[in-house]
Q: 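I have a structure here, written as structure tokens, and I will follow up with some questions on it.
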There are 4 protein chains.
Amino acid sequence: MNEVRAVRRPRRTKPHRPNELFAAAAAEFAAKGFAATRIADVAQRVGLRSRGSVYRHFDSKEAMFQAVVVKTMAPHVEALRARSIAPTSSLAVLLRGVVRPMAEIAVNSALGGVLKMVIAEAHNFPELSRIWYRELLGPILEVITAAIIRAQAEGEVRQGDPHAFALQAIAPLITLLIWRETFVPAGAPEHDVEAVLAQGVEAFLGGVLISQPAAAPAGWEPCGLAGD
Amino acid sequence: MNEVRAVRRPRRTKPHRPNELFAAAAAEFAAKGFAATRIADVAQRVGLRSRGSVYRHFDSKEAMFQAVVVKTMAPHVEALRARSIAPTSSLAVLLRGVVRPMAEIAVNSALGGVLKMVIAEAHNFPELSRIWYRELLGPILEVITAAIIRAQAEGEVRQGDPHAFALQAIAPLITLLIWRETFVPAGAPEHDVEAVLAQGVEAFLGGVLISQPAAAPAGWEPCGLAGD
Amino acid sequence: MNEVRAVRRPRRTKPHRPNELFAAAAAEFAAKGFAATRIADVAQRVGLRSRGSVYRHFDSKEAMFQAVVVKTMAPHVEALRARSIAPTSSLAVLLRGVVRPMAEIAVNSALGGVLKMVIAEAHNFPELSRIWYRELLGPILEVITAAIIRAQAEGEVRQGDPHAFALQAIAPLITLLIWRETFVPAGAPEHDVEAVLAQGVEAFLGGVLISQPAAAPAGWEPCGLAGD
Amino acid sequence: MNEVRAVRRPRRTKPHRPNELFAAAAAEFAAKGFAATRIADVAQRVGLRSRGSVYRHFDSKEAMFQAVVVKTMAPHVEALRARSIAPTSSLAVLLRGVVRPMAEIAVNSALGGVLKMVIAEAHNFPELSRIWYRELLGPILEVITAAIIRAQAEGEVRQGDPHAFALQAIAPLITLLIWRETFVPAGAPEHDVEAVLAQGVEAFLGGVLISQPAAAPAGWEPCGLAGD
DNA sequence: GATGAATGAGCGTTCATTCAT
DNA sequence: GATGAATGAACGCTCATTCAT
């Protein structure tokens, strides 16, 4: 029957740090999306036995969601900004120096799930996509675009819209993140993110640089499907 | 008694065809996502005064959602399949012949919104991402991959994972769709999809073909930002 | 999908007589009860393609229900009244003359289902139980009670509350009706209604008459389980 | 946004124990039946101000209904089983020993209302009539039938279908329960259940036993209408 | 007479949120 | 700090009923 409720509960052995709660929320939101995630799910995941306890740490479900999106993004913003802040490097150096850490981040962090959430809730949480564009995507594109403009001015890069080139340079990363979050669970083959991106950078440079691109540094070999 | 139900007037201003309902549902879902869309929103958008009326055409909200995703995709599946079914064409011909119609579709159809929905609801509606992969993305990637393998065998394309190349080839399209749906409303600059994609195809070919690519046919000039 | 609605419909070959509708309603109500029966069920059962058509014949679902209960009962009321209106007959003659036709009616008519409906909806349709008591159960009990009182006055029947005896006399019939409607579908063994009732009448008479009861007329042998 | 939900005051005047809720549900269901009972009715009856609160104790309306039917029956099943488990007693002792407690139960418990519910919802909740037959009616009939068969073997009871006799023995009880639930509220005279049943047992024994039945024990006098 | 599109009231159920303990 | 009982606002869905054709 469905009446059995009572019995006394043993105290939890260790306290719930806010960080655990945060991680739980991130995992739930990334998996199910905002609306389909219930406060009870998050509570249960950290071992809290009542939904009410969650409100010790967050004012509302929406605040929780925003915090998850923003704070998950934050450390990577710093990392990428630090790496791309040397705006004088050549396009090849820049891309090779930016793409690999991005690939690592993409593989090891929850950024993919967060990007998915940003896309999904762009209408309901416009602030989030604004932040993502302003803090993350915009700056990256700007640095690349600037490098391309410089290279075009020096005759190293073919004519063409530099913004379009920059977007093209970034596109495989974004596509791979979505691929992994959306289509791999649906049966699509998984890719070795770092390998695909490395190959992509080289091909991109080959298609954009007028002279022969400098030989790729050691460690940038061609790649294959993950699992090869 | 509890069965007494009164009713007012089944008057209507105009006949509501199923297609209108369908379009309304697509628009609402694309804008707000599945959970945040209320049946009442859809009803109101087509001029129906009661939520119940919607159920003459759809069995449930979920069925409605699935129908929107699948049927919006369907005609384009046919179109693309027809165009890419000549598998003997060279890589350059294939890409130029596939990317432009895809760009047109992307610009003029609701595919962008639907892709967003597929990404957002991948967890809650796994069947939809499965269908999208099986019917749309998978076949496109296969055709491109096959063309690359063929070209590699004939020494026309550089070594490298052909699947990765194929993914790279379509990445700008996917990225642009998401860009438009997610970041443009957040203040990001809008791009001229067809121009960016055309430039992307040429750059991709330039980076991948070993010999000089055949000159791009007339009409494929470099592009700029939309609105320039 | 769930959109397919249209196509043109061939006309029905024969018109729907109200009687057919009535029978359909009776069957549905008896099976599912008032609330669980939908107008659409009734319409479909008679071959009407729209719920609205039902309203040509009935003002409301409640009116339909009441009509079913009352009109199903009506002919049997007449029959029983005719048979029990000769109040001068002895108790044995009366019971043997009333129980057998009641058994036949119980077996062959929808009275069992209607009794079930009356019981189920006694609170929501008090008028129906009132009618059933006033028109059917009350008169039958009265006749039997009167016969018992007469027999007691002549020393043929033992002392005791005649109303209680009368109730006891018809209890097997009521119980069997409920048994068939409620417990036989649940796996309980089915009984041969006429045989059980005949045996019951004899046992009842045996327990109530002071002298030996007149031998049962031919055709009233002991009975067994149906199917024996 | 569609997730904004405000709330007022979770103040309550007294603690609502599950048992109170259960009783309230039983009362509502018995009075109105399953469909006509609204969750709000039950909530209000126990002093809960919101329908949602009911769902802390029951998973669904159907579960609530089933629980009411099953758990109301349960204690009486035990009681009756205990009393009829001495299968060696004579038919007279058995009936006199079983019928009186059954009468008391019938008068003082909610079994009448529950039987009504079982009958009314036999189609929609077939499991309930199955349980009632298996746990309650079936065992009782079996014990009585067995006693009759034994008595017939010893020449104490007249020939005849023992199952039919058993049903006849039980019939007044079932009929009285239905009578009270269905027809008394419709104006039918109320009976003194214990008295009618006691008289019925004696008459039944008189009609079934071949020799003179043992004199009824003290306290089993003839009865009259309740209220006399 | 029948059809079917439309209506709208109502109900079961969910769940974010509150608060006394 | 945590608990859990309670709240109340939605929202999906059903279905009796109406009415123009």
Side-chain angles (χ1 to χ4, degrees), chain A residues 5-6 9 11-12 15-16 35 37-41 43 47-62 64, chain B residues 2-13 15-17 35 37-41 43 47-62 64, chain C residues 5-6 9 11-12 15-16 35 37-41 43 47-62 64, chain D residues 2-13 15-17 35 37-41 43 47-62 64:
Chain A
R5 295 275 160 180
R9 54 249 114 104
R11 282 287 139 194
R12 265 184 53 84
H16 315 283
T37 293
R38 287 162 302 178
I39 297 289
D41 297 336
L48 286 171
R49 254 198 302 286
S50 82
R51 286 172 284 175
S53 307
V54 172
Y55 286 83
R56 291 262 151 215
H57 304 283
F58 291 98
D59 287 344
S60 71
K61 191 187 179 187
E62 304 199 359
M64 213 165 126
Chain B
N2 69 329
E3 309 296 328
V4 185
R5 307 197 179 175
V7 158
R8 297 299 143 63
R9 59 267 105 133
R11 219 172 303 131
R12 69 160 181 263
T13 51
H16 307 287
R17 277 170 292 284
T37 294
R38 286 162 301 173
I39 297 293
D41 298 336
L48 287 171
R49 281 211 291 272
S50 81
R51 287 170 279 171
S53 305
V54 172
Y55 288 85
R56 294 200 74 69
H57 303 282
F58 292 96
D59 287 344
S60 70
K61 192 188 179 187
E62 302 203 355
M64 209 165 133
Chain C
R5 296 276 159 181
R9 56 252 112 108
R11 283 287 139 193
R12 265 184 54 83
H16 314 283
T37 294
R38 286 163 302 177
I39 296 291
D41 297 336
L48 285 171
R49 255 199 301 287
S50 81
R51 287 171 282 175
S53 306
V54 172
Y55 286 84
R56 290 263 150 213
H57 304 282
F58 291 97
D59 286 344
S60 70
K61 191 187 179 187
E62 304 199 359
M64 214 165 126
Chain D
N2 69 329
E3 309 296 328
V4 185
R5 305 195 180 177
V7 157
R8 295 300 141 66
R9 60 263 106 130
R11 221 170 303 131
R12 69 161 180 261
T13 51
H16 306 287
R17 277 170 293 284
T37 294
R38 285 161 302 174
I39 296 293
D41 298 336
L48 286 170
R49 280 212 291 273
S50 81
R51 287 170 280 172
S53 304
V54 172
Y55 287 85
R56 294 199 74 68
H57 303 282
F58 293 96
D59 287 345
S60 70
K61 192 187 179 188
E62 303 203 354
M64 210 164 132

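Chain identifiers are assigned alphabetically (A, B, ...) following the order of the sequence lines, protein sequences preceding nucleic acid strands; residue numbering begins at 1 within each chain.
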Q: Looking at D/S53, does any N or O in its side chain come under 4.0 Å of the phosphate oxygens OP1/OP2 on F/dA5?
A: no

Q: Nearest 0.5 Å, please: how far is CZ in D/R56 from CG in D/L48?
A: 11.0 Å

Q: By nearest heavy atom, map D/I39 and A/R38 onto DNA chain E; which one lands nearer the 5' end?
A: D/I39

Q: OP1 or OP2 of F/dA5 versus the side-chain N and O atoms of D/H57: is any pair under 4.0 Å?
A: no

Q: Would you please confirm or rule out a distance under 4.0 Å between OP1 or OP2 of F/dC11 and any side-chain N or O of B/R51?
A: no

Q: Locate the shortest heavy-atom distance separating D/T37 from D/K61; write the atom from each residue and the value.
A: O-NZ, 2.8 Å

Q: Atom CZ of A/F58 and atom P of E/dT18: how far apart are they, to the nearest Å?
A: 15 Å

Q: Search all heavy atoms of B/A43 against all heavy atoms of B/S50 and return the closest pair with its distance.
A: CB-O, 3.8 Å

Q: CG of D/D59 versus C1' of E/dT14: gap in Å, rounded?
A: 13 Å

Q: For the pair made of OH in C/Y55 and C1' in E/dT3, what is the distance, rounded to whole Å?
A: 15 Å

Q: Side chain of B/L48, heavy atoms from C-beta onward: which of F/dA10, E/dA16, E/dA6 has the nearest atom to it?
A: E/dA6

Q: Is there a Watson-Crick or G-U wobble partner for F/dA20 with both distances under 3.5 Å, and if so, which one is it?
A: E/dT3

Q: For B/K61 and for D/G52, find the nucleotide of DNA chain F with the closest heavy atom, then tell me which residue's nucleotide is more 5'.
A: D/G52

Q: Of all the nucleotides listed (F/dG4, F/dT17, E/dG12), which has the minimum atom distance to the side chain of A/S50?
A: F/dG4

Q: So C/R56, base contact, sugar-phosphate only, or nothing? Heavy-atom distance under 4.0 Å.
A: base

Q: Does any part of the side chain of A/F58, heavy atoms only, come nearer than 4.5 Å to the side chain of A/I39, both counted from C-beta?
A: no

Q: How long is the line joining CZ of B/R49 and C1' of E/dA5, in whole Å?
A: 13 Å

